[in-house]
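First up is the structure itself, then whatever we jot down about it.
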Amino acid sequence: MSLATLLVLADGRFPAGGHAHSGGAEAACKAGRIRDAATLAEFCRGRLHTAGLVAAGLAAAAAHGLDPAELDAFADARTPSPALRTAARRLGRQLLRAARATWPAAELDALAAAFPRGAHQPVVLGITARAAGLGPLDAAHVAAYESVSGPATATVRLLGLDPFEASGVLAGLAPELDAVSGQAAGAALLARHEGLDALPAASSPLLDISAQVHAEWPVRLFAS
């Protein structure tokens with residue numbers, strides 16, 4: 001494992017398209033659920049332990065080399081919101097473009113051929129980590145971190161929140177990020193031996209509902 005490679009993949013400036021998505025923060029800000037650093041921390045914590053855990057588990061499983069088509073189907077089953085499915089596939093397509101240019105690999109080419117409209121982003125992330133020489137726990141860490149860094153960055157733009165406060169929120173969540181990543185990686189290892197039903201399936205109904213409402217807005221700053 002290369003720490004530098006892990007940093008490149010997790011860097012918010014890596015051209016994977018995440019800047020266009022708020023992870024549900026835009027709808028939460030409008031609804032008043034995110035108002036300041038304290039409520040941002042609450043939102044991110046909830047997202048980390050639900051959507052973040054699921055994404056981390058899928059990414060770790062893909063990094064193990066499990067069948068991407070089966071993982072993509074499991075990702076669909078864990079994403080009841082059509083709007084979030086669309087967003088996940090758009091992000092997956094953009095990440096795959098960046099990954100193929102950065103870490104060329106036959107496995108990435110095969111994924112692009114199998115999913116011309118894009119596979120779910122966590123699945124692509126796991127295969128990208130594998131192509132880059134990273135392991136399942138690394139993939140889980142990136143997925144978990146993305147689940148909270150996106151909303152934190154978006155809130156700076158949406159509310160004018162102090163960037164120092166947003167960074168403080170992420171730093172405060174670091175122990176939970178490590179714990180969720182470890183839980184996801186452990187589930188992925190179990191799935192490798194006992195089947196994909198071992199992967200996390202935590203639900204976040206309010207995120208799903210908010211995503212559908214957000215998708216109908218005539219004007220919005222973020223795609224999701």
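Note that the coordinates shown come from a computational prediction; the quantities given were computed from them, not determined experimentally.
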Inset, instruction - Kindly work out whether a path of hydrophobic side-chain contacts (I/L/V/M/F/W/Y, heavy atoms less than 4.5 Å apart) joins Leu125 to Val8. - result: yes
Inset, instruction - Quick one: closest heavy-atom pair of Ala99 and Phe14, and the distance? - result: N-CZ, 4.4 Å
Inset, instruction - Run the numbers on Asp67 and Leu196 for side-chain contact (heavy atoms from CB on, under 4.5 Å), then give the verdict. - result: CA-CA 10 Å; Asp67 184 357; Leu196 297 186; over 6 Å; no
Inset, instruction - Heavy atoms only: give me the nearest Ala56-Ala140 pair and the separation to one decimal. - result: CB-O, 3.6 Å
Legend entry - Residue pair Leu170 / Leu177, side-chain heavy-atom distance below 4.5 Å: no
Inset, instruction - Find out if a path of hydrophobic residues (ILVMFWY) with successive side-chain heavy-atom gaps under 4.5 Å connects Leu108 to Leu134. - result: yes
Inset, instruction - Could you check if a side-chain atom of Phe115 sits within less than 4.5 angstrom of a side-chain atom of Leu96, using non-hydrogen atoms only? - result: no
Legend entry - hydrophobic_cluster_shared for Leu9 and Leu91, side chain cutoff 4.5 Å: no
Inset, instruction - Go through the structure and list residues passing side chain to side chain contact (heavy atoms under 4.5 Å, CB included) with Ala73, not counting sequence neighbours. - result: none
Inset, instruction - Taking atom types as modelled, find out whether Ser181 and Asp178 have a side-chain donor-acceptor pair closer than 3.5 angstrom. - result: no
Legend entry - Lys/Arg-Asp/Glu bridge criterion (N-O < 4.0 Å) met for Arg45, Glu176: yes
Legend entry - Closest contact, heavy atoms only, Ala119 versus Leu111: CB-CD1, 4.4 Å
Legend entry - Cluster check Leu53, Val142: I/L/V/M/F/W/Y, side chain < 4.5 angstrom: no
Legend entry - Smallest separation among heavy atoms of Leu173 and Cys44, with atom names: CD1-CB, 3.6 Å
Inset, instruction - Give a yes-or-no answer on whether the side chains of Arg90 and Ser224 include a donor-acceptor pair shorter than 3.5 Å. - result: no
Inset, instruction - Check the pair Phe74, Leu66 against side-chain contact (heavy atoms from CB on, under 4.5 Å), reporting the backbone distance first and the verdict last. - result: CA-CA 12 Å; Phe74 267 67; Leu66 276 64; over 6 Å; no
Legend entry - Same apolar cluster (I L V M F W Y, side chains within < 4.5 Å links), Val180/Leu207: yes
Legend entry - Nearest heavy-atom neighbours spanning Thr50 and Ser204: OG1-CB, 3.6 Å
Legend entry - Minimum heavy-atom distance Gly118-Arg89, with the two atoms named: O-NH1, 3.0 Å
For residues 153-165, dump all side-chain donor-acceptor pairs below 3.5 Å to protein atoms at least two apart in sequence or in another chain.
| unit_1 | atom_1 | unit_2 | atom_2 | d |
| --- | --- | --- | --- | --- |
| Thr153 | OG1 | Ser149 | O | 2.9 |
| Thr155 | OG1 | Pro151 | O | 2.7 |
| Asp162 | OD1 | Phe164 | N | 2.8 |

Inset, instruction - Determine, step by step, whether His214 and Arg220 satisfy the side-chain contact (heavy atoms from CB on, under 4.5 Å) criterion, reporting the C-alpha distance in whole Å, the side-chain angles of both residues, the deciding distance to 0.1 Å, and the verdict. - result: CA-CA 8 Å; His214 180 264; Arg220 48 188 172 161; 3.5 Å; yes
Legend entry - Results of side chain to side chain contact (heavy atoms under 4.5 Å, CB included) for Thr79 - residues two or more places apart only: Leu84, Arg85, His120
Inset, instruction - Decide side-chain contact (heavy atoms from CB on, under 4.5 Å) for Phe43 and Val148; before the verdict, give the C-alpha distance in whole Å, the side-chain angles of both, and the deciding distance to 0.1 Å. - result: CA-CA 9 Å; Phe43 177 86; Val148 295; over 6 Å; no
Inset, instruction - Start with the C-alpha distance between Glu107 and Arg130, add both sets of side-chain angles, then the distance that settles salt bridge (Lys or Arg N to Asp or Glu O under 4.0 Å), and finish with yes or no. - result: CA-CA 9 Å; Glu107 198 169 9; Arg130 183 179 171 89; 3.2 Å; yes
